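Below: the structure, in structure tokens.
The structure displayed is predicted, hence computed values, not measured ones. Computed over heavy atoms, backbone and side chain alike; hydrogens, waters and symmetry mates excluded. Chain letters run A, B, ... following the sequence lines, proteins first, then strands; residues in each count from 1.
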Amino acid sequence: MAALAESFGRGAMTNHWVDMKNSDVILVMGGNPAENHPVSMQWILKAKKERGAKLIVVDPKYTRTASQADLFIQIRPGTDIAFLGGLVKYIIDNELYFKDYIVNYTDAAFLVDPNFKDTEDLGGVFSGYDPKKKKYNKSTWKYQLDENGIPKKDPTLKDPNCVFQLLKKHFSRYTIDVVSEITGAPKEKILEAYKIYASTGKPNRVATECYAMGWTQHTVGTQNIRCMAIIQLLLGNIGMAGGGVNALRGESNVQGSTDMCLLFHILPGYLPMVRASHVDLKTYIKKTTPKSNDPKSLNWWKHRSKYIVSLLKAFWGDYATPENDFCFNYLPKLDDGKAYSWYDLFDAMYKGKIKGFFAWGQNPACSSANANKARQALSKLDWLVCVNLWDSETASFWKGPGMDPKKVKTEVFLLPAAASVEKEGSITNSGRWLQWRYKAVEPPGEARRDAEIVDELYKRIKALYEKEGGAFPDPIVKLNWNYGDGEVDTKLIAKEVNGYFTKDTTVKGKRFRKGQQVPNFVYLKDDGSTACGNWLYSGSYTEEGNMMARREKIDPTGLGMYPKWAWCWPVNRRVLYNRASVDLMGNPWDPERPVIKWNPSTKKWVGDVPDGPQPPLALGGVLPFIMKPTGVGTIFGKGRADGPFPTHYEPAESPFKNILYPKVRINPVARIFKDTPVDKLVLGGDPRFPYIATTYRVTEHWQTGLMTRNMPWLLELEPQVFVEMSKELAKEIGVKSGDKVIVTSPRGKIWAIAVVTERIKPLRIEGHTCHIVGIPWHYGWRWPEDGSGGDSVNLLTPPAHDPNTSIQETKCFAVNIKRA
Amino acid sequence: MDVKFTRRDFLKLSIGSLVLSSLGINLEPVKAYAKELKIKNAKETTTICPYCSVGCGIIVYSKGGKVVNTEGDPDHVISRGKLCPKGASLYQLANNPTRLLKPLYRAPYSDKWKEVSWDWALDRIAKLVKKTRDKYFIYKNEKGQVVNRVEAIAHVGSAALDNEECYILQKFLRALGIVYIEHQARI
């Protein structure tokens with residue numbers, strides 16, 4: 001998500017599932033929709049059948065998606081940037097980019113500070129690298145500004161300091177030979193893939209890309225996606241029907257839970273979390289609101305103050321007034337520069353700094369990298385509250401493998417929750433559609449809905465603070481909390497999320513009464529007259545009713561946008577950045593697939609909800625990427641921790657040299673934890689762990705498997721953990737399919753059943769044979785109850801993380817395998 | 001229902017149907033009737049699959065407070081009635097012998113779970129939250145800046161919750177001053 005936000009402005013799938021039918025070329029890399037998002041495959045197959053679209057699959061293993069592909073290429077895990085970097089070079093060398101698009105809608109023509117130095121200049125690092133802190137000082141990563149503070153440009157793209165020329169230089173050594181040597185893929189196949197993909201640089205040809213955890217779970221995860229974003233910008237494939245960079249998210253509501261910001265660094269609607277240096281609301285707004293001097297840039301985040309004040313009003317209601325800074329100081333503040341992310345959390349817990357812990361609808365004992373550390377950390381807690389449909393490896397950790405309950409002090413609560421069909425509410429799919437679910441039955445036994453459990457807990461804690469006082473009780477006792485007496489009414493919550501007027505007020509010439517729902521976020525204000533729980537969802541539950549529950553099957557454009565089916569953020573816009581799908585006069589680049597089109601007589605857009613209602617650029621309108629202060633798509637990603645351009649670095653536990661940058665083997669700013677005895681890592685090859693392992697999912701299971709290992713039909717289909725390996729490796733270690741083997745890494749060991757296949761082939765890398773094995777991660781000791789499923793592969797995965805997102809590198813690590 | 005139909009009758013009918021259909025006799029009314037058996041008079045509600053993020057539509061049929069059948073929603077514009085093995089198993093999520101039915105509690109150093117009442121569990125958790133929060137509340141950081149936070153309590157989860165639940169959950173956690181808030185999106 002960090003890469004997409006850096007490139008385009010929003011951290012979400014750009015297009016949506018049905019839209020894949022509009023593509024001419026579909027690249028699946030870092031994902032496997034046929035097995036992990038199976039029903040979406042019908043749209044990919046429809047594009048193939050009806051448009052003659054080409055499907056290219058690049059993966060460490062031959063997947064079921066690959067079985068449908070026109071071209072499949074096996075690459076070594078963790079070499080995606082080499083593969084994609086070669087494609088950037090191919091597009092530039094052969095002038096296959098969409099020039100009008102990149103000159104007008106991206107920063108390709110922007111001039112960069114001449115003091116900026118590339119990895120080509122400095123042997124693998126960018127200017128500003130501090131080897132002691134393992135961090136960059138980004139002061140040279142900036143555009144040159146003119147006297148009005150607007151970036152200087154060279155529309156001819158010839159200036160050696162322009163982004164386009166810097167990009168060209170950056171990838172100049174990513175030749176097909178080098179790409180082949182790093183990835184292990186054959187040259188002719190690489191070239192074929194490049195030819196097919198780069199054919200979409202024409203206005204009337206569009207390619208899309210689908211990725212998932214195969215790209216994010218790397219120490220270069222953000223830059224994998226950044227590289228793709230750059231390619232899509234070069235080819236003019238963003239904003240177009242059938243285009244985009246599509247993050248296929250893994251859970252039914254992980255888009256929604258991200259939008260609601262159950263994450264340390266953001267508040268609902270992606271407002272930055274408050275830091276200690278934000279001494280008051282004014283400072284917060286000043287420091288976090290981006291500025292733009294370009295009159296053509298809408299710079300949508302300039303509205304930050306309206307969204308944070310409306311959020312504070314939703315939180316603290318009538319208590320939040322202009323006089324008390326809208327209760328700004330009730331929000332907890334993070335220390336500047338400090339991360340409180342997933343692995344930091346378990347690190348702090350392991351070190352005894354965390355005393356109480358909620359694991360709510362989640363099973364970290366199986367999902368955390370280096371899961372042994374998470375399991376041991378749980379034993380250092382005073383108390384643990386788990387909320388789930390089933391007992392889990394997390395809730396029962398105290399009786400898990402290697403634990404002696406008599407020595408575990410942790411007090412544990414396990415609260416039974418209701419399943420999706422036992423409650424009412426909305427979830428947001430990967431394409432940003434909010435769909436409403438209805439309650440079919442009551443939860444079984446005494447199980448209760450999560451909303452009810454939160455409500456009960458809050459009310460009891462509030463009562464204690466009212467009665468006894470305590471540390472800083474105000475944020476709790478004054479919290480605005482009215483979701484019904486007795487049963488929580490989720491519609492009331494949905495209405496607060498949408499936002500309402502707190503007093504009679506006039507906005508944009510329209511009069512609204514106190515208590516009325518706001519029509520959408522355009523009507524939010526920063527004077528306290530509106531309350532809104534999540535500005536991005538504003539428009540989802542209006543005076544017209546619950547827009548998320550809509551089920552009208554009309555499709556006026558024929559592009560599958562279904563504008564009256566459910567509701568889509570933001571403001572029901574189905575294709576993000578759609579202003580980039582038209583030329584400067586508002587005519588679609590591709591007249592056959594017009595997402596939006598300017599009607600000069602009515603002076604209105606037709607089609608999808610445009611990214612801003614302003615007229616086309618040449619008619620006094622605005623630039624298409626309205627969430628970026630520059631207004632354009634970003635090739636030079638100066639906000640990232642590890643560089644403005646993606647660079648090939650080896651995975652942390654790769655046994656290979658970095659042939660492009662011999663002095664900088666791995667991402668120099670990767671987050672690697674090593675200050676506890678359980679954080680073990682082999683940097684560089686170690687003969688004790690000669691094979692490369694990657695993790696993946698199977699269709700029949702989901703995540704840690706808690707919601708599938710308990711389902712007899714599904715467990716029967718995939719009963720236990722396995723390790724998939726090539727015939728060659730199997731022969732080398734004397735194993736045949738069905739044998740039980742022991743897989744070890746520096747962190748731990750698991751048993752698994754060997755599955756010897758043709759789907760993974762050994763690769764030839766730097767003159768060595770490279771064996772790759774794949775292990776699904778859905779298993780755990782608690783279910784099935786007889787232990788016949790095995791345990792989580794995350795017991796083996798390393799404590800190495802992406803420096804931007806702190807996402808764990810579970811897609812590539814060192815293991816050994818022996819017969820049990 | 002007026003006509004009692006046993007499973008055996010149904011099987012006979014099915015086998016017969018195979019023979020008849022191969023003879024080219026129209027069996028649609030019979031099939032429709034057979035299908036009616038399970039879902040006749042059942043309440044019909046729509047839902048969205050709780051597994052991956054495609055957002056497929058499912059129709060849930062319930063009778064007497066029990067889910068009796070689940071199937072792909074043919075009207076759903078993304079899934080068009082199709083489901084994968086997980087979505088097609090939703091019935092077993094609602095009818096599952098291993099689901100938790102009561103709050104469980106494990107005392108320090110104990111080797112077993114014990115069933116407890118909701119009231120007892122929620123009161124005990126509320127007290128523990130307050131005790132931990134009061135003891136470890138941080139008003140100011142080392143630099144002397146006001147931070148009003150609690151680092152001794154952490155939270156993970158969850159993408160398995162509805163939007164409305166996620167919203168009140170993070171509101172609750174932030175009002176408590178908790179800063180270690182994470183979930184599936186990070187991993």
Side-chain angles (χ1 to χ4, degrees), chain A residues 17 37-40 249 251-254 256-258 260 262 276 332-333 340 342 345 354-358 360-362 383 405 409 412 414-416 420-421 425-426 429-430 435 437-438 440-441 445-446 450-451 454 458 460-461 464 470-471 475-476 479 490 493 562 565 700 702 710-711 713, chain B residues 45 47-48 50-56 60 62 77-79 82 84-85 89 92-94 98 100-104 106 108 111 122 126 128 130 132 134 137 145 147 149 152-170 172 175 177 179-183 185-186:
Chain A
W17 295 109
H37 303 87
V39 176
S40 73
R249 308 214 59 184
E251 315 207 16
S252 59
N253 197 33
V254 73
S257 54
T258 308
M260 288 301 175
L262 278 161
K333 293 171 184 58
Y340 301 76
W342 182 273
L345 186 162
I354 291 172
K355 308 293 175 187
F357 180 48
F358 291 97
W360 202 306
Q362 203 165 358
W383 53 269
K409 64 172 177 179
V412 189
L414 177 52
L415 307 178
S420 55
V421 297
S426 70
N429 80 355
S430 205
Q435 303 188 89
R437 300 197 286 208
Y438 296 89
V441 293
E446 293 180 21
D450 296 279
V454 179
Y458 166 68
R460 280 165 208 250
I461 292 169
L464 284 178
I476 301 166
L479 195 64
T490 39
I493 306 173
Y562 299 101
W565 181 275
E700 294 77 10
W702 188 66
N710 279 292
M711 307 273 276
W713 292 337
Chain B
T45 45
T47 192
I48 303 298
Y51 291 99
C52 88
S53 64
V54 173
C56 299
V60 182
S62 55
V77 297
I78 300 171
S79 56
K82 300 174 182 75
C84 79
S89 303
Q92 278 194 341
L93 192 74
T98 51
L100 285 167
L101 302 176
K102 287 195 166 168
L104 299 178
R106 182 261 178 186
D111 63 355
L122 292 168
L128 287 167
K130 182 166 189 298
T132 312
D134 285 351
F137 195 82
Q145 295 162 312
V147 292
R149 67 171 183 243
I153 305 176
H155 172 100
V156 298
S158 171
L161 270 53
D162 291 353
N163 286 321
E164 295 72 26
E165 295 174 328
C166 289
Y167 172 73
I168 60 165
L169 182 54
Q170 63 82 34
F172 162 69
V179 288
Y180 280 113
I181 301 172
E182 286 284 276
H183 82 282
R186 182 77 62 197

Under a 4.5 Å heavy-atom cutoff, which of [options] has the most pairs with chain B?
| options | result |
| --- | --- |
| A/Arg249, A/Met260, A/Glu251 | A/Glu251 |
| A/Gly361, A/Ala276, A/Ser257 | A/Ser257 |
| A/Leu262, A/Thr490, A/Ile354, A/Val254 | A/Leu262 |
| A/Val441, A/Asn429, A/Leu414 | A/Leu414 |
| A/Gly470, A/Ser40, A/Ala451, A/Ala471 | A/Ala471 |
| A/Ser430, A/Pro38, A/Gly445, A/Gly256 | A/Ser430 |

Contact part of [X] toward chain B, heavy-atom cut-off under 4.5 Å: side chain, backbone, both or neither?
| X | value |
| --- | --- |
| A/Trp383 | side chain |
| A/Leu464 | both |
| A/Tyr458 | both |
| A/Trp17 | side chain |

Quick one: which of [options] has the most heavy-atom pairs under 4.5 Å with chain A, could you say?
| options | answer |
| --- | --- |
| B/Gly55, B/Pro50, B/Pro85 | B/Pro50 |
| B/Glu182, B/Arg106, B/Lys102 | B/Arg106 |
| B/Thr132, B/Leu161, B/Val60 | B/Leu161 |
| B/Leu122, B/Leu100, B/Leu104 | B/Leu100 |
| B/Ala160, B/Pro108, B/Ser53 | B/Ser53 |
| B/Gln145, B/His155, B/Lys130 | B/Lys130 |

*B/Cys52: what forms a side-chain contact (heavy atoms from CB on, under 4.5 Å) with it, not counting sequence neighbours?*
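B/Cys52: side-chain contact (heavy atoms from CB on, under 4.5 Å) contacts with A/His37, B/Val54.
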
*Determine, step by step, whether A/Trp360 and A/Leu415 satisfy the side-chain contact (heavy atoms from CB on, under 4.5 Å) criterion, reporting the C-alpha distance in whole Å, the side-chain angles of both residues, the deciding distance to 0.1 Å, and the verdict.*
CA-CA 9 Å; A/Trp360 202 306; A/Leu415 307 178; over 6 Å; no

*asked:* side-chain contact (heavy atoms from CB on, under 4.5 Å) for B/Ile181 and A/Tyr340? Distances and angles first, verdict last.
replied: CA-CA 8 Å; B/Ile181 301 172; A/Tyr340 301 76; over 6 Å; no

*Below 4.5 Å, heavy atoms only, C-beta onward: do B/His183 and B/Cys166 meet side chain to side chain?*
no

*asked:* Between B/Asn163 and A/Asn253, is there a side-chain donor-acceptor contact under 3.5 Å, judged purely by atom types and distance?
replied: yes

_Can a side-chain donor-acceptor contact be found between A/Trp565 and A/Gln435 if the only test is distance below 3.5 angstrom?_
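A donor-acceptor contact under 3.5 Å links the two side chains.
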
*Would a distance-only check, ignoring hydrogens and angles, find a side-chain to backbone donor-acceptor pair under 3.5 Å from B/Arg149 to A/Lys333?*
yes

*Counting only N and O atoms by type, is there a donor-acceptor contact under 3.5 Å from the side chain of B/Glu165 to the main-chain atoms of B/Asp162?*
yes

